[in-house]
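Keep in mind it's a predicted model, so treat the numbers as computed, not measured. Throughout, protein chains are lettered first and strands after them, A, B, ... in sequence-line order, and every chain is numbered starting at 1.
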There are 2 protein chains.
Amino acid sequence: MEYDPNNIFAKILRGEIPCRKIYEDEHALAFEDIAPAAPVHVLVVPKGEFVSFDDFTAHAPASLQLGFFSAMRKVAQQLHLPQNGYRIIGNHGADAGQLVPHFHMHILGGKPLGGLLAK
Amino acid sequence: MEYDPNNIFAKILRGEIPCRKIYEDEHALAFEDIAPAAPVHVLVVPKGEFVSFDDFTAHAPASLQLGFFSAMRKVAQQLHLPQNGYRIIGNHGADAGQLVPHFHMHILGGKPLGGLLAK
């Protein structure tokens with residue numbers, strides 16, 4: 001899959017579409033999911049043109065990879081999630097239901113999250 | 001939560017308990033989950049004493065962090081998951097149902113995986 005610079009997360013990163021921002025630094029932007037699956041549901045996107053986890057971990061500079069995962073930790077801390085717990089999810093491709101072709105991770109929390117997969 | 005060197009993944013890393021190994025390098029070990037939630041269900045654990053995603057991304061050396069996420073990509077590729085897709089999941093703490101206090105990530109695939117959370 002090639003990177004499409006007109007995907008919705010690219011537009012959010014460029015400020016062309018608004019978001020409910022939770023956190024931002026030089027490596028990543030975090031904002032609320034518009035269709036939350038839990039009381040806390042945040043998307044974290046790296047500031048770079050990467051389609052997927054596969055693409056990101058293969059091709060992103062080390063500083064961006066470290067900064068992205070560090071930003072995820074900071075988002076969870078900012079939202080006071082570590083004490084009760086949270087889940088991070090990354091979807092790659094069709095079987096996982098990846099909807100936007102810009103690498104992103106979900107942070108979910110605020111309630112007991114149940115099993116790994118929907119039945 | 002403090003790291004308990006007698007957790008089951010530490011014992012697997014030390015070879016004290018067997019596992020169905022999928023992949024191993026200097027940074028990570030990957031093996032089949034004993035209670036698979038999907039046709040492909042692999043656990044990836046870093047070679048270091050980290051309780052959680054929070055602990056790992058805050059305290060692991062950069063080389064180990066990069067090596068761990070790179071190992072996850074390699075496992076997915078080795079299992080031919082990128083074409084149809086796969087999901088990666090990390091559980092931190094009670095709300096997420098983290099069972100073993102050694103940081104690990106799940107790789108799930110081999111079928112359409114459904115929504116983000118169980119209902």
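In this structure, A:L108 is not a member of the same hydrophobic cluster as A:V75, with clusters built from ILVMFWY side-chain heavy atoms closer than 4.5 Å. When hydrophobic clusters are built by joining Ile, Leu, Val, Met, Phe, Trp and Tyr residues whose side-chain heavy atoms come closer than 4.5 Å, directly or via intermediates, B:V51 is not grouped with B:L99. B:Y23 and B:I107 fall within the same hydrophobic cluster, where Ile, Leu, Val, Met, Phe, Trp and Tyr residues are linked whenever their side-chain heavy atoms come under 4.5 Å apart, directly or through other members. Under the 4.5 Å side-chain heavy-atom criterion for ILVMFWY residues, a single connected hydrophobic cluster contains both B:V40 and B:M105. Side-chain heavy atoms closer than 4.5 Å link hydrophobic residues (I, L, V, M, F, W, Y) into clusters, and following such links, possibly through other members, connects B:V100 to B:L13.
In this structure, chain A has no heavy atom under 4.5 Å from any part of B:Q83.
Atoms CD1 and CD1, on B:I88 and A:I88 in that order, are 7.0 Å from each other to the nearest 0.5 Å. To the nearest 0.5 Å, atoms NZ (B:K74) and CG (A:D54) are separated by 12.0 Å.
More than 12 heavy atoms of other residues, nucleotides or ligands sit less than 6.0 Å from atom CZ of B:R14. Environment of CD in B:E2: sparse, with no more than 12 heavy atoms of neighbouring residues, nucleotides or ligands closer than 6.0 Å.
Contacts between residues 60-73 of chain A and chain B, counted as heavy-atom pairs separated by less than 4.5 Å, involve A:A62, A:Q65, A:L66, A:F69, A:M72, A:R73.
For residues 97-111 of chain B, no pair satisfies salt bridge (Lys or Arg N to Asp or Glu O under 4.0 Å), with sequence neighbours left out. Pairs passing the salt bridge (Lys or Arg N to Asp or Glu O under 4.0 Å) check and including a residue from residues 39-51 of chain B, sequence neighbours excluded, read B:E24-B:K47.
Among all heavy-atom pairs drawn from B:I89 and A:L116, the shortest one is CD1-O, 3.6 Å.
Of the possible donor and acceptor atoms, one in the side chain of B:R87 sits under 3.5 Å from a partner among the backbone N and O of A:A96.
Taking the six-membered ring where tryptophan is involved, the planes of A:H92 and B:Y86 are essentially parallel, since the angle between them stays under 30° and well short of 60°.
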What donor-acceptor contacts under 3.5 angstrom involve side-chain atoms of residues 28-38 of chain B, with partners at least two apart or in another chain?
{"from": "B:D33", "atom 1": "OD1", "to": "B:A35", "atom 2": "N", "distance (Å)": "2.8"}
{"from": "B:D33", "atom 1": "OD2", "to": "B:H41", "atom 2": "NE2", "distance (Å)": "3.3"}

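Chain A forms the most heavy-atom pairs under 4.5 Å with one residue out of B:G93, B:G85, B:G114, B:A94, and that residue is B:G85. Chain A forms the most heavy-atom pairs under 4.5 Å with one residue out of B:L113, B:D95, B:N84, and that residue is B:D95.
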